[in-house]
A.B. asks: 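Take this structure first; my questions come after.
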Amino acid sequence: MAAPRLWSVSRLLGIQATLRCGSRVYSTSQAFAEVLQLPKSKLTKLVFPLQELERHLLPAWRSELHLNIFDPSLQDIARAESFFTHSERNRIEYLSSAVRLDHAPDLLRPEVCFIGRSNVGKSSLIKTLFSLAPEVEVRVSKKPGHTKKMNFFKVGKYFTLVDMPGYGYRAPEDFADMVETYLKERRNLTRTFLLVDSVVGIQKADHIAIEMCEEFSLPYVMVLTKIDKCSKGYLLKQVLQIQKFVDSKTQGCFPQLFPVSAVTYSGIHLLKCFIANITGNLKSL
Ligand code: GDP
């Protein structure tokens, strides 16, 4: 499904707008101001994909989805958009790349990293997160034999986002050398986002990453990618299955899943708000 043209254009332009909620006025992107104008069912589908799925469950099953754990208001989601909007005062930019932890920039800001199998949709997701900063180049190095690097991006003065090399191809060597050391030793790492393809579910290589996060007692979050490729029924089945796994087999995984699509933008605003929150930038939540 293609995103509505009007707000996809203004999303790219990153036009600022103000949003009035009661007596408070928020600065947000034109894109999100337009999202707020959508009919309720479309808005729910776009911003809260799990909530949309939940409607198809029997009441007894609804609590399974842990829907209310992170349940921000639309105002907070709009506020979070401003952190991801590039401007002179909020510079979002590529910082550097590193093949070893001791080459990584020495930063004090909170850091979040994105890990996942090659082809899981990691670059697409990061590009989507940075769609309000169109100059940011998310580098992709997929050629066999090409050195894979950790790429660091500064998001204003708020936090750093790290794009980790995809695993699967040439793993576990890449992992042992780089990712494992980073995950184990990076002191300002606040949260690890582990991407799982919603079409194929948790794969063998994902289990290795999950075990690593568990072994290092890392707080991590599972993000389900490419949800636009699944029918509602299939996605519900996948979500329930993965949720069951998270509930019964993990300790450090955040209980709420984050389904997203880089094509329809479904779940993207909520994920940005969650990142803003866990990096300590949405204090009122
Ligand atoms: P990476 O190797 O994890 O960085 O994966 P990419 O972001 O390059 O995506 C791998 C493939 O999946 C590409 O063909 C993308 O166009 C496709 N893809 C990524 N995200 C989505 C999504 O949300 N929906 C759909 N339909 N395809 C996606």
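Predicted model, so just to flag it, every value in this text is computed and none were measured. Order of listing sets the numbers, starting from 1, for every ligand and every atom in it.
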A.B. asks: Within the 4.0 Å heavy-atom shell around Val263, which atoms of ligand 1 are there?
C.D. replies: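 Every atom of ligand 1 under 4.0 Å from some heavy atom of Val263: 22 (C), 23 (O), 24 (N), 25 (C), 26 (N).
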A.B. asks: Determine whether any heavy atom of Val120 lies closer than 4.0 Å to an atom of ligand 1.
C.D. replies: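 Judged by the 4.0 Å heavy-atom criterion, Val120 does count as contacting ligand 1.
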A.B. asks: Counting heavy atoms only, which of Gly121, Gly267, Ser123 comes nearest to atom 4 (O) of ligand 1?
C.D. replies: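 Of the listed residues, Ser123 has the closest heavy atom.
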A.B. asks: Please verify the inter-ring angle class for Phe254 with Phe274; under 30° counts as parallel, over 60° as perpendicular, anything in between as tilted.
C.D. replies: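 Plane angle between 30° and 60°, so tilted.
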A.B. asks: Any nitrogen or oxygen of Lys122, main chain or side chain, under 3.5 Å from a nitrogen or oxygen of ligand 1?
C.D. replies: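 Yes, since at least one N or O of Lys122 sits under 3.5 Å from an N or O of ligand 1.
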A.B. asks: Is the cationic atom of Lys272 (NZ for Lys, CZ for Arg) positioned less than 6.0 Å from the six-membered ring centroid of Phe84 and within 45 degrees of its normal?
C.D. replies: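 Yes - Lys272 lies over the ring of Phe84, closer than 6.0 Å to its centre and within 45° of its axis.
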A.B. asks: Before signing off on this row, confirm whether Val260 and ligand 1 have an N or O atom pair separated by under 3.5 Å.
C.D. replies: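 No, no N or O pair falls under 3.5 Å.
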A.B. asks: Okay, side chain of Asn188, backbone of Leu107: is any donor-acceptor separation there less than 3.5 Å?
C.D. replies: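 Here the side-chain-to-backbone pair exists.
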A.B. asks: Using a 4.0 Å heavy-atom threshold (strictly under), name the region of Ser118 that reaches ligand 1: side chain, backbone, both or neither.
C.D. replies: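 Backbone only; the side chain of Ser118 stays clear of ligand 1.
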A.B. asks: Against ligand 1, does Arg117 come closer than 4.0 Å with any heavy atom?
C.D. replies: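 Yes; Arg117 lies near enough to ligand 1 that a heavy-atom distance drops under 4.0 Å.
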A.B. asks: For a 4.5 angstrom cut-off between non-hydrogen side-chain atoms, does Thr160 reach Pro110?
C.D. replies: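 Not touching, per the 4.5 Å side-chain cut-off.
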A.B. asks: Where on Lys229 is there a heavy atom closer than 4.0 Å to ligand 1, on the side chain, on the backbone, on both, or on neither?
C.D. replies: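 Within the 4.0 Å criterion, Lys229 contacts ligand 1 through side-chain atoms alone.
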A.B. asks: Run the numbers for me: atoms of ligand 1, each under 4.0 Å from some heavy atom of Ser261, listed by number.
C.D. replies: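 That gives atoms 23 (O) of ligand 1.
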A.B. asks: Going by distance only, is there an N or O of Leu125 that falls short of 3.5 Å from an N or O of ligand 1?
C.D. replies: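 In this structure, Leu125 places no N or O atom under 3.5 Å from an N or O of ligand 1.
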A.B. asks: Taking everything shown except Ile69 itself, do over 12 heavy atoms lie less than 6.0 Å from its CD1?
C.D. replies: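 Correct, the count exceeds 12.
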A.B. asks: Verify whether the ring centers belonging to Phe153 and Phe130 lie closer than 6.0 Å.
C.D. replies: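 That pair passes the under 6.0 Å test.
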A.B. asks: Report the part of Asp228 (side chain from C-beta onward, or backbone N, CA, C, O) that has a heavy atom under 4.0 Å from ligand 1; answer both or neither where that applies.
C.D. replies: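 The answer is the side chain.
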A.B. asks: For the 3.5 Å polar cut-off, considering only N or O atoms, please tell me whether Ile227 and ligand 1 meet it.
C.D. replies: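 No.
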A.B. asks: Any carboxylate oxygen within less than 4.0 angstrom of a Lys/Arg side-chain nitrogen, looking at Arg79 and Asp76?
C.D. replies: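 A salt bridge links Arg79 with Asp76.
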A.B. asks: Can you find an N or O of Ser124 that's nearer than 3.5 Å to an N or O of ligand 1?
C.D. replies: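 N/O-N/O distance below 3.5 Å exists for this pair.
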A.B. asks: So does Lys232 pair up with Glu52, basic N to acidic O under 4.0 Å?
C.D. replies: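 Salt bridge present between Lys232 and Glu52.
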A.B. asks: For the rings on Phe48 and His269, is their centre-to-centre separation under 6.0 Å?
C.D. replies: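 No; His269 has its ring centre 6.0 Å or more from that of Phe48.
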